[in-house]
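Contents: one structure, followed by commentary.
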Amino acid sequence: MATKRAFIFLGPPGAGKGTQAKRIAKMCGVPHLSTGDMMREAVAKGTELGKIVGPIMQSGQLVSDELVMKMVEERLKQPDCATGCLFDGFPRTLPQAEGLDKILDRGGFGKPVVVDLAVSDDKLLRRLTGRRTCSVGGEIYNVFEAPPKVDGVCDNDGGQLVQRADDTEEVVSQRLAAYHRQTAPLADYYRRQGVLQELDASLSVDEVTRALEAVVKRAEGR
Ligand code: AMP
């Protein structure tokens, strides 16, 4: 039987984790677990969790490790995670990475495949402030680099394209600061475990996908 595998996409906000994660999760047949998406959904639904995390997300700071770990543990109990999963935007702090190691161990996962998608800060700013997401299917566009055929409308399903509330210039600089302070050290954590793959994510979306496909195939011994 194939190993139950966790894929982890590290990298700063705007590196293209969400876009690539959707593609690679589909290719591997595992669920795409984005902690940011889960919390945005909670905010949109107005749940108790949403009420707590909404203002924190809007400030560009990170949500507490305790809340995030609880949410991820619950999600991993769903049957669709039985063959593995792909984490996007998680873990984001050292305690989250250590907590995840324990969960993966208990859950019978093999060693995770960790990819660090690296992009310089000046590129990230343009990517984040230009990002638009389809309000129906979640397809991601960039008004500068990958615009839709018709302004504000999704090519796939005609859905309205919206800008994330935390993709404004002020909040983006907070998010990048949080990344450098709290998340960037995780590359070292996984490098020491010998599971880190580094990838230049300033290339085009399709080039990055091809590089990721090669990483996944290598990891699965294909
Ligand atoms: P993202 O969609 O991954 O860019 O996340 C958007 C926001 O959600 C972040 O700026 C944080 O406020 C929060 N968030 C998402 N994932 C995490 C996480 N693993 N730990 C803490 N906060 C998170």
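All ligand and atom numbering here is 1-based and tracks the order in the structure.
- The shell of residues lying under 4.0 angstrom from ligand 1, judged by heavy atoms, excludes K17.
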- Please assess D37 against H32 for the test side-chain hydrogen bond (donor to acceptor under 3.5 Å, both in side chains), listing each intermediate value before the final yes or no. CA-CA 10 Å; D37 282 352; H32 166 210; 4.8 Å; no
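- In the model, S120 has a side-chain atom that pairs as donor or acceptor with a side-chain atom of D122 under 3.5 Å.
- Atom 16 (N) of ligand 1 has as its closest protein heavy atom T35 OG1, 2.8 Å.
- No donor-acceptor distance shorter than 3.5 angstrom exists from the side chain of K123 to the backbone of A15, with no hydrogens or angles considered.
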- Between E73 and K70, is a salt bridge (Lys or Arg N to Asp or Glu O under 4.0 Å) present by the stated rule, with each step listed? CA-CA 5 Å; E73 267 203 276; K70 216 165 121 192; over 6 Å; no
- Derivation of the salt bridge (Lys or Arg N to Asp or Glu O under 4.0 Å) call for E198 and R191: CA-CA 10 Å; E198 286 163 283; R191 194 176 292 118; 3.0 Å; yes
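- Among the atoms of G89, some N or O lies under 3.5 angstrom from an N or O of ligand 1.
- Of the candidates M39, R164, M69, it is R164 that places a heavy atom closest to atom 6 (C) of ligand 1.
- Counting only distance, with no hydrogens or angles, the side chain of Q96 and the backbone of R92 share a donor-acceptor pair below 3.5 Å.
- Shown in contact with L62 at under 4.0 Å from a heavy atom are these atoms of ligand 1, numbered in order with element: 21 (C), 22 (N).
- Listed by atom number, the atoms of ligand 1 under 4.0 Å from D166 heavy atoms are 6 (C).
- Residue-level proximity to ligand 1 for V68 is carried by the side chain, the only part with a heavy atom below 4.0 angstrom.
- When the options Q58, R92, M57 are ranked by their closest heavy atom to atom 5 (O) of ligand 1, first place goes to R92.
- The protein heavy-atom contact nearest to atom 22 (N) of ligand 1 is V63 N, 3.1 Å.
- Protein heavy atom in closest approach to atom 20 (N) of ligand 1: Q96 NE2, 2.9 Å.
- Other residues, nucleotides and ligands place no more than 12 heavy atoms under 6.0 Å from the CG atom of D151.
- With C134 as the partner, the side chain to side chain contact (heavy atoms under 4.5 Å, CB included) test is satisfied by one option alone out of I140, D157, N156: D157.
- Every atom of ligand 1 is numbered from 1 in the order shown, and the set under 4.0 Å from a heavy atom of G36 is 2 (O), 5 (O), 15 (C), 16 (N).
- Considering backbone and side-chain N/O of Q61, one or more are found under 3.5 Å from N/O of ligand 1.
- Near R40, meaning under 4.0 Å from any of its heavy atoms, are these atoms of ligand 1: 2 (O), 6 (C).
- Side-chain atoms of R5 come within 3.5 Å of backbone N or O of A219 as a donor-acceptor pair.
- Short contacts between ligand 1 and R175, defined as distances under 4.0 Å to a heavy atom of the residue, involve ligand atoms 4 (O).
- Remark: side-chain polar atoms of K45 are not paired, donor with acceptor, to backbone N or O of G50 under 3.5 angstrom.
- In terms of polar-atom proximity, D37 is not counted as a contact of ligand 1, lacking any N or O under 3.5 Å from an N or O of the ligand.
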